[in-house]
Protein chains: 2
Amino acid sequence: MSYVLQEDDVRILQLLQHDARFTVKEMADKLGKSATPVYDRVRRLEREGFIRGYVAILDKTKIERSLVAFTHVQLKEHSSDMLNAFKNESSRFPEVMECYHMTGEYDFILKITLKDMNEYNDFILTKLATLPNIRTVQSFFVLSEGKVETAYPLHWQAGKKK
Amino acid sequence: MSYVLQEDDVRILQLLQHDARFTVKEMADKLGKSATPVYDRVRRLEREGFIRGYVAILDKTKIERSLVAFTHVQLKEHSSDMLNAFKNESSRFPEVMECYHMTGEYDFILKITLKDMNEYNDFILTKLATLPNIRTVQSFFVLSEGKVETAYPLHWQAGKKK
DNA sequence: TGTGAAACCTCAGGAAT
DNA sequence: ATTCCTGAGGTTTCACA
């Protein structure tokens with residue numbers, strides 16, 4: 001049976017999703033508690049797997065990765081072996097930040113980041129297109145980002161207390 | 001003129017991209033330096049905008065957001081006013097985690113997370129499809145995730161030192 | 001690179017509900 | 001059985017030399 005979030009847990013998760021460097025004390029002050037219960041909740045949320053990790057988010061324009069592409073791939077063969085093979089091999093490329101097996105018209109959507117169109121062209125020709133079993137590769141490029149959020153919105157539906 | 005990364009900066013960024021809770025001392029030990037230079041570099045990387053922030057990554061299956069959709073939208077009108085209007089309004093929905101203005105066949109790709117297909121259906125009908133100026137909405141659903149990485153690979157091309 | 005003070009983390013023990 | 005607090009030792013942060 002899995003741990004059921006309480007209101008304080010939700011508030012802690014909301015805070016940490018937006019800034020992982022809140023100190024236990026800062027959060028305790030916001031929640032009107034002392035440090036210990038907040039400390040214990042954070043540890044429990046980590047232990048129970050709600051928090052997968054803490055990461056720094058970089059500005060991709062500062063590190064030569066301004067080009068973002070969503071590349072849609074159709075395979076020829078769709079046996080589970082073939083699907084897993086593509087998933088594993090495409091995920092191995094460092095340019096591939098995300099790889100999703102999809103329903104519908106496309107088998108995979110890859111999120112790819114690179115410096116510019118030259119590098120993208122190179123990547124497709126010398127890396128992605130060399131994988132076997134590919135039927136089509138269709139690329140869409142990001143012109144501008146309207147929203148890029150890592151924090152899930154959390155609602156707390158009043159649990160049955162007492 | 002913008003700050004040029006040195007090898008230690010790159011190594012620090014790589015560490016923090018994978019675990020934002022490395023202490024300055026831990027990183028200093030890995031780099032074979034004392035704490036102060038590492039501390040100063042981290043502050044500079046933040047100040048110069050390389051590090052946008054530190055966030056906790058949650059497990060979406062634990063918080064009722066297992067369904068991930070990439071929704072492709074075509075608009076009718078493509079004036080910059082209309083494009084901005086859609087970008088702003090769609091970004092306002094909490095279900096929309098990411099919103100990209102794209103080149104090519106589709107005008108926007110939205111990454112949407114929700115609990116299940118019922119909620120998705122509801123979202124499309126009562127929220128997204130009520131926005132004006134939409135021509136088509138095409139949804140693709142994630143069956144499984146092969147790779148989801150927030151850390152950009154960083155290479156350090158030996159700068160001209162000296 | 002090292003020092004030092006302030007702030008914080010961590011975890012024991014114990015109180016209150 | 002939880003949930004909470006106090007308190008104290010060890011660690012981290014951060015300005016300064």
Side-chain angles (χ1 to χ4, degrees), chain A residues 1-59 62 150-151 154-162, chain B residues 2-59 62-64 150-151 154 156 158-159 161-162:
Chain A
M1 186 50 189
S2 118
Y3 176 67
V4 176
L5 295 180
Q6 300 189 354
E7 187 175 7
D8 284 347
D9 294 312
V10 170
R11 296 187 62 188
I12 289 168
L13 290 176
Q14 280 169 333
L15 290 170
L16 290 177
Q17 276 197 115
H18 287 99
D19 186 350
R21 287 200 319 182
F22 277 117
T23 65
V24 166
K25 184 171 185 326
E26 284 172 322
M27 295 192 285
D29 289 346
K30 284 183 197 288
L31 302 196
K33 300 275 166 65
S34 73
T36 306
V38 175
Y39 172 80
D40 289 341
R41 280 184 197 282
V42 172
R43 287 295 97 83
R44 176 166 40 202
L45 290 167
E46 292 171 355
R47 181 162 25 86
E48 298 281 339
F50 288 87
I51 297 173
R52 292 168 57 118
Y54 305 89
V55 303
I57 302 294
L58 304 194
D59 182 340
K62 296 257 182 183
T150 56
L154 298 174
H155 32 66
W156 185 66
Q157 67 282 33
K160 336 79 229 207
K161 292 196 83 175
K162 231 331 158 23
Chain B
S2 119
Y3 176 68
V4 175
L5 295 181
Q6 301 188 352
E7 186 175 7
D8 283 348
D9 294 310
V10 170
R11 296 187 63 187
I12 288 168
L13 290 176
Q14 280 170 333
L15 290 171
L16 291 177
Q17 276 197 115
H18 288 99
D19 186 351
R21 289 198 317 181
F22 277 118
T23 65
V24 167
K25 183 172 185 329
E26 283 173 322
M27 293 192 286
D29 289 346
K30 284 182 196 289
L31 302 197
K33 298 274 165 65
S34 72
T36 306
V38 175
Y39 173 81
D40 289 340
R41 279 184 197 281
V42 172
R43 288 296 96 85
R44 177 166 44 205
L45 290 167
E46 291 170 356
R47 181 163 26 84
E48 298 281 339
F50 288 87
I51 297 173
R52 293 169 57 116
Y54 304 89
V55 304
I57 303 294
L58 305 194
D59 182 341
K62 296 260 184 183
I63 52 170
E64 310 269 75
T150 56
L154 298 174
W156 184 65
K161 294 196 81 172
K162 240 313 168 28

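Reminder, nothing fancy here: chain letters follow the sequence lines and each chain counts from 1.
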Item to complete: Under 4.0 Å between any heavy atoms, over every strand shown, what does B:R21 touch: base, sugar-phosphate, or nothing? Just pick one.
Response: nothing
Discussion item. Between A:Q6 and D:dT2, is there a contact of a side-chain N or O with OP1 or OP2 at under 4.0 Å?
Written reply: no
Response to the item:
When rounded to whole Å, the CG to P distance for the pair A:D9 and D:dT2 reads 14 Å
For a quick test of your reading: what N or O donor-acceptor pairs under 3.5 Å do the side chains of residues 31-40 of chain A make, sequence neighbours left out?
| from | atom 1 | to | atom 2 | distance (Å) |
| --- | --- | --- | --- | --- |
| A:K33 | NZ | A:D8 | OD2 | 2.6 |

Worksheet item: What string of B, S and - do you get for nucleotides 2-17 of chain C, 5' to 3', when a contact is any protein heavy atom under 4.0 Å?
Response: B-----SSSBB-----
Worksheet entry | By side-chain hydrogen bond (donor to acceptor under 3.5 Å, both in side chains) - contacts of A:K62 (at least two apart) | none
Response to the item:
For B:H18 and B:A151, the nearest pair of non-hydrogen atoms, with its separation, is NE2-CB, 3.7 Å
Worksheet item: Atom CZ of B:R44 to atom P of D:dC14: distance rounded to whole Å?
Response: 16 Å
Worksheet, complete the sentence: Taken in chain and number order and not counting sequence neighbours, the residues that satisfy side chain to side chain contact (heavy atoms under 4.5 Å, CB included) with B:L15 are B:F22, B:M27, B:K30
Discussion item. Show every salt bridge (Lys or Arg N to Asp or Glu O under 4.0 Å) that has at least one partner inside residues 15-29 of chain A, sequence neighbours left out.
Written reply: A:R21-B:E46, A:K25-A:D29
Worksheet item: Mind checking what makes side-chain hydrogen bond (donor to acceptor under 3.5 Å, both in side chains) contact with B:D9, not counting sequence neighbours?
Response: B:Y3, B:R41
